[in-house]
Amino acid sequence: MARFPISEFKELSTPFYFYDLSLLDRTLAEIQRTARDPRFKVHYAVKANANPVILRRIQAAGLGVDAVSGGEISAAIEAGFESDRIVYAGVGKSDREIALALETGIECFNVESFPELEIIDEIAGQMGKTASVAFRVNPDIDAHTHAYITTGLAENKFGINLKQLPDILDKAASLDNIRVKGLHFHIGSQITDNEPFVLLCETINNLVEEMEALCHTFSTINVGGGLGIDYADPDRHPIPDFETYFNTFRNHLKLREGQELHFELGRSVVAQCGSLITRVLYVKEGITKRFAIVDAGMTELIRPALYSAHHKIENLSSPNGERHHYDVVGPICESSDCFGKEELLPAIRRGDFIALRSAGAYGEIMASQYNCRPLPPSYFSEK
Ligand code: LLP
């Protein structure tokens, strides 16, 4: 069971994020153990959580970085990551961001279109630099996940269509300031089924063979992120099954001599170590429903409103009371500001602490100031 220092919470104003750093450390140790392979390099997807304390722990564990903006590159550098362990992806890199990445000396751009390739070449030329690139390919694999977080299907704004890959590789070979390193893939997020990853390996094996027949070779293959977590029962699976995940690639992907395999894990690294802690403001008795109105809302955790995601809700103050059904809702003026409907929870009273679990990924980082609310602070299990 996760432990929360409720007596310390009483001193704090809510809502806030609480991170269990020992769980983060154990998760990182498990990644190091299961990914042990000189060919494997794990990059942490900063978009999941850029809290400086979290970033520094991840840096200390030896992971690299997957960044999707100039801001994330700067946050990574600030947290101590080496510039040559940063890969930079995104469909809409601005000129300023491309220049920052070149100036910083990042490891690789994950390029998503022809015009982007041309602009990177042009800016690199002006700066007297060579840009290393990987091409993000859309492998057209259904990851069986939420439509908004599926990214590998053919009709997507992301990546380059398989059919266009030979042309963009030829184009890159003709540009003076571009060095092609590899291919990049990402099929979606919160993938809890192994089969899409097996399919991805098979697609990559075929594609690399086809490209080699056209004399294109690669020093890196990047398979993106996507490994899912157990939102329903975070205490049963506090650490995702990294062993099976890395073994899938070890067993199914045919790496060439000297080829590196890159991973970009976000959610699986940080989700389970974070909870959003909120206090109950009112218990409102309706005609057929009972509402627990809490002081956190979609401003602090937007995933339920945006993706119909469900985070396990726990009454920390009285875990053993008689159970009733509640709709757990926030204070924001939107009906989607709801964390759970008909939740069976131990009796809730005003002032109780409620935890919204598994919120370490895409929680704090996606917080907004809608309704002029302040951004939530964060606290840690260690001072
Ligand atoms: N690499 C690329 C190219 C990505 O687009 C993403 C996530 C990752 C790596 C990391 O994926 P992960 O290991 O975290 O699944 N806000 C949504 C998730 C959006 C994911 C976007 N891309 C959510 O709250 O579920």
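Note that the coordinates shown come from a computational prediction; the quantities given were computed from them, not determined experimentally. As the structure lists them, so they are numbered: ligands from 1, and atoms in each ligand from 1.
- Of the charged side-chain nitrogens involved, none lies within less than 4.0 Å of a carboxylate oxygen, so that K157 and E112 do not count as a salt-bridged pair.
- Note: no N/O pair closer than 3.5 Å links M366 and ligand 1 by distance alone.
- Distances from atom 21 (C) of ligand 1 to the heavy atoms of R136, H262, K47 put K47 nearest.
- Interface atoms of ligand 1 facing G266, defined by a heavy-atom separation under 4.0 Å, are 12 (P), 13 (O), 14 (O).
- Partner of T299 under the side-chain hydrogen bond (donor to acceptor under 3.5 Å, both in side chains) criterion, out of Q369, E334, R373: R373 alone.
- The shortest heavy-atom distance from G226 to ligand 1 is under 4.0 Å.
- A salt bridge does not link K47 with E72: none of the charged nitrogens is closer than 4.0 Å to a carboxylate oxygen.
- For H186 and N222, the side-chain atoms include no donor-acceptor pair closer than 3.5 Å.
- Considering backbone and side-chain N/O atoms, E264 comes within less than 3.5 Å of an N/O atom of ligand 1.
- Shown in contact with A45 at under 4.0 Å from a heavy atom are these atoms of ligand 1, numbered in order with element: 10 (C).
- Counting heavy atoms under 4.0 Å from ligand 1, residue R267 touches it through both backbone and side chain.
- Using a cut-off of 4.0 Å between Lys/Arg side-chain N and Asp/Glu carboxylate O, E116 and R136 are scored as not salt-bridged.
- Checked for salt-bridge contact, E260 and R39 miss the test: no charged N lies under 4.0 Å from a carboxylate O.
- Contacts with ligand 1 closer than 4.0 Å are made by no heavy atom of A89, backbone or side chain.
- Interface of G225 with ligand 1, defined as ligand atoms under 4.0 Å from a residue heavy atom, comprises 9 (C), 13 (O).
- Both the sub-6.0 Å distance and the 45° axial angle are not jointly satisfied by K171 relative to the ring of F114.
- A centroid separation of less than 6.0 Å is found between the aromatic rings of F263 and F249.
- Counting heavy atoms under 4.0 Å from ligand 1, residue F158 does not touch it at all.
- Considering both main-chain and side-chain atoms, R303 comes within under 3.5 Å of ligand 1 through a nitrogen or oxygen pair.
- Heavy atoms of D66 found under 4.0 angstrom from ligand 1 belong exclusively to the side chain.
- Near L265, meaning under 4.0 Å from one of its heavy atoms, ligand 1 places the atoms 13 (O).
- For F380 and Y19, the ring centers are positioned less than 6.0 Å apart.
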